[in-house]
Amino acid sequence: MPKDGQDLLSTLRGLLYEPPSPEVWEQLYRLFDAWTDDLALREIALDYAQQHLDAWPDKLREAPPAWSRAVLDEAPPPAWRLVRHVSLTSYGIGPNSAQRLADLPSMERVVQLNLANCNGKDDALCALAASPYVSHLRALDMGVNKITDRGLLALADSPLLAQLQALDLTYNQITHLGAEALAKSTRARALRSLKLWHNNLGSYGALALAESPHLANLEELDLGSNNLEDAGARALLRALPARLPKLRDLNLSGNKLTEPFVRLFQTDPALQGRDLKLNLSGNTPALR
Amino acid sequence: MAISTHLTTFAGLDVSTFEADQALEQPDASAWALRCDYDHNEPAFLDLLRAFANTQGADKVRALVIGAWDGEELFDVDSSSTVAALAELAPKLPSLKALFVGDITYEEAEISWIQQSDLGPLLKAFPLLEELGARGNNGLALGDLNHPNLKKLVVQTGGMSSSLLRAIGAAHLPQLEHLELWLGREEYGFDGDVSLLAPILSGKLFPKLSTLALCNSERQAQVLTAILGAPILPHLKALDISKGTLGDDDLAPLLEASLPPGLRLDLTDNYLSPSTLEALRARGLDVFSRRQRDPNTDPEDRYTQTGE
């Protein structure tokens with residue numbers, strides 16, 4: 001038997017006093033999915049829920065798959081405003097749906113957006129970069145897509161970059177040109193995590209990142225499998241004390257560093273006493 | 001070492017072989033195997049398949065194992081007719097969650113002789129399928145590999161084609177938790193390189209993947225190195241690099257790597273010495289190794305467990 005609005009409100013109160021968890025979040029969004037009557041009370045309930053959920057981690061507030069699809073295909077559900085994390089991973093987004101996402105005012109509260117493995121191209125990143133509705137976005141994952149330098153150039157020139165703390169462009173088609181654009185952008189200062197595993201930055205790309213005066217907040221940098229040679233890695237090593245003082249995790253695996261250089265790198269004075277997780281595995285050229 | 005026995009368990013169930021005219025008692029308590037006996041085509045496989053699907057209780061069957069689909073000319077008959085018939089019979093098997101196509105021993109046909117086909121129609125016909133296994137590389141395709149519910153994918157080959165690896169690297173399997181690929185040897189069809197594994201190793205392709213087997217490879221050391229530098233590594237609970245060509249020297253990066261706590265590591269059937277395995281265990285790794293081949297074997301003379 002369907003519950004009336006007062007029953008739903010009472011259930012909502014109970015849920016909001018539970019500790020944050022994926023299970024409670026699921027019950028919450030199911031409750032709002034079921035709330036089809038007494039719409040005025042539902043609005044009050046949404047306001048009430050929103051206040052309580054502000055204390056929750058953003059990651060827990062992930063749109064259920066049906067809601068995410070609805071955002072692309074039709075109007076978002078009323079409770080969409082509770083969402084902070086949207087994942088459309090493995091959901092193909094063509095240029096039209098990327099533009100639709102970028103044009104949605106309901107993206108305004110989204111903090112984390114996962115568009116990995118979406119067949120996304122530069123148009124998707126360009127649309128987001130030009131969107132006026134992504135002002136709260138802090139983490140963008142567009143790994144395993146077909147982003148090239150053009151997409152990264154657009155991002156480097158966008159206010160969106162100035163907000164991003166985490167950018168994941170793993171397994172795309174970015175070269176040193178994209179890296180240079182990012183490195184030169186004064187908007188890159190908020191970045192704490194930059195993942196560019198398996199692109200084609202080469203040593204010039206690493207050099208550009210190493211010489212950037214704008215990446216001092218980086219804590220995590222993944223340049224694995226990027227055709228880096230010793231010169232690029234050496235530039236990063238030299239940049240560690242001044243340009244990358246907060247770096248805690250550096251992946252340079254699967255590049256073209258020579259064995260003597262890898263040994264030198266591991267024993268360099270710049271690393272001594274520094275809390276840095278360093279991955280230099282798989283750098284024998286014959287193994288690539 | 002070739003595959004000499006049929007599956008005895010599948011999808012957590014004991015395998016029972018279905019005979020023509022047999023009643024299905026407790027249809028959901030077994031994985032049902034259908035196969036032609038060697039040198040016999042009576043009954044014809046498609047008749048056996050139709051009889052099975054029309055038997056009372058077939059609607060409750062959860063797991064199905066397709067064995068030799070021809071008793072006399074298996075080397076010349078591919079799986080396409082079987083695939084088409086099974087896809088057509090899908091409405092009679094609404095509970096099917098697990099399917100293996102090609103449970104064929106070396107006595108019936110060596111793994112590199114098995115003639116497979118495009119199994120994509122099965123993925124379309126069984127949208128609730130959670131586990132798919134296939135053996136044999138020849139002709140094997142998996143359609144566009146876009147399936148909403150598949151949790152486990154196993155592809156056993158003596159040499160995996162680059163086209164198949166590329167297809168897997170472009171898949172959309174949002175629920176996939178377990179991926180097992182037998183990569184094999186160039187001699188038997190492996191025509192790619194380790195870089196084709198990059199989408200899988202990115203950690204983005206299959207967001208729920210926690211069990212990864214990239215095994216039976218003549219480039220097992222390269223595969224291991226690629227995994228150790230890849231974003232997928234922290235997400236893994238189990239890593240299977242068994243049946244390959246690893247020697248003691250190849251494990252040096254593993255001894256230095258930062259591995260996820262509790263990672264279960266299957267190193268069975270490589271060329272590792274007891275002292276190396278012990279050193280790994282001393283590092284706190286949960287190492288599984290049923291047997292090893294002679295660790296003194298020259299690297300040039302090492303082979304995958306399964307090839308021909």
Side-chain angles (χ1 to χ4, degrees), chain A residues 62 65-66 68-69 87-93 114-120 141-146 168-173 193 195-200 220 222-228 249-255 257 259 262 266 276-288, chain B residues 144-151 166 168-177 192-209 217 219-235 245-246 249-260 299:
Chain A
E62 180 174 351
S68 296
R69 283 193 292 275
S87 177
L88 288 161
T89 183
S90 296
Y91 187 86
I93 56 160
N114 184 349
L115 296 176
N117 190 28
C118 283
N119 294 325
D141 185 345
M142 292 193 75
V144 190
N145 282 298
K146 290 169 182 154
D168 192 333
L169 292 170
T170 288
Y171 197 74
N172 278 286
Q173 298 165 9
S193 171
K195 296 184 180 179
L196 294 167
W197 185 81
H198 213 287
N199 281 275
N200 190 21
E220 183 178 22
D222 191 342
L223 298 180
S225 294
N226 264 288
N227 290 319
L228 263 66
D249 194 335
L250 177 60
N251 185 11
L252 295 175
S253 69
N255 282 297
L257 311 184
E259 202 174 325
V262 166
Q266 285 166 326
L276 177 68
K277 183 181 162 197
L278 179 64
N279 190 340
L280 291 164
S281 64
N283 267 294
T284 308
L287 290 181
R288 287 183 50 79
Chain B
D144 64 1
L145 257 184
N146 189 339
H147 194 282
N149 293 307
L150 200 70
K151 292 181 177 172
R166 283 195 178 90
I168 294 168
H172 291 275
L173 303 173
Q175 301 302 322
L176 198 75
E177 297 169 358
D193 59 60
V194 173
S195 70
L196 291 178
L197 300 172
I200 297 168
L201 299 180
S202 72
K204 309 282 180 194
L205 192 67
F206 307 124
K208 295 190 175 175
L209 193 73
S217 174
R219 304 183 190 193
Q220 202 69 61
Q222 291 180 43
V223 171
L224 170 61
T225 304
I227 294 168
L228 292 178
I232 187 78
L233 185 62
H235 304 289
T245 52
L246 293 173
D249 290 349
D250 298 321
L251 291 201
L254 190 61
L255 285 162
E256 293 168 7
S258 172
L259 300 172

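Reminder, nothing fancy here: chain letters follow the sequence lines and each chain counts from 1.
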Worksheet item: In terms of heavy-atom pairs under 4.5 Å with chain A, which of P207(B), A226(B), A198(B), A170(B) leads?
Response: A198(B)
Fill in: Heavy-atom pairs under 4.5 Å with chain B, option from D141(A), L252(A), L280(A) with the top count
D141(A)
Fill in: Donor-acceptor pair, side chain of N283(A) and main chain of V262(A), under 3.5 angstrom
no
Worksheet item: Using a distance-only test with no angle check, is there a side-chain donor-acceptor pair under 3.5 angstrom linking N200(A) and N227(A)?
Response: yes
Discussion item. According to side chain to side chain donor-acceptor pair (under 3.5 Å), who are the partners of S202(B), at least two apart in sequence or on a separate chain?
Written reply: none
Worksheet item: Measuring heavy-atom distances to chain A, does L201(B) have an atom under 4.5 Å in its side chain, in its backbone, in both, or in neither?
Response: both
Practice prompt. Measure K277(A) against the heavy atoms of chain B and call it side chain, backbone, both or neither at under 4.5 Å.
Written response: side chain
Worksheet item: If you tally heavy-atom pairs under 4.5 Å against chain A, which of A257(B), A252(B), P253(B), A230(B) wins?
Response: A230(B)
Fill in: Contacts of type side chain to side chain donor-acceptor pair (under 3.5 Å), residue N279(A), not counting sequence neighbours
S281(A)
Worksheet item: Taking atom types as modelled and ignoring hydrogens, do the side chains of K208(B) and Q175(B) form a donor-acceptor contact shorter than 3.5 angstrom?
Response: yes
Practice prompt. Examine whether an atom of N114(A) lies under 4.5 Å from a heavy atom of chain B, and if so say whether it belongs to the side chain, the backbone or both; otherwise answer neither.
Written response: neither
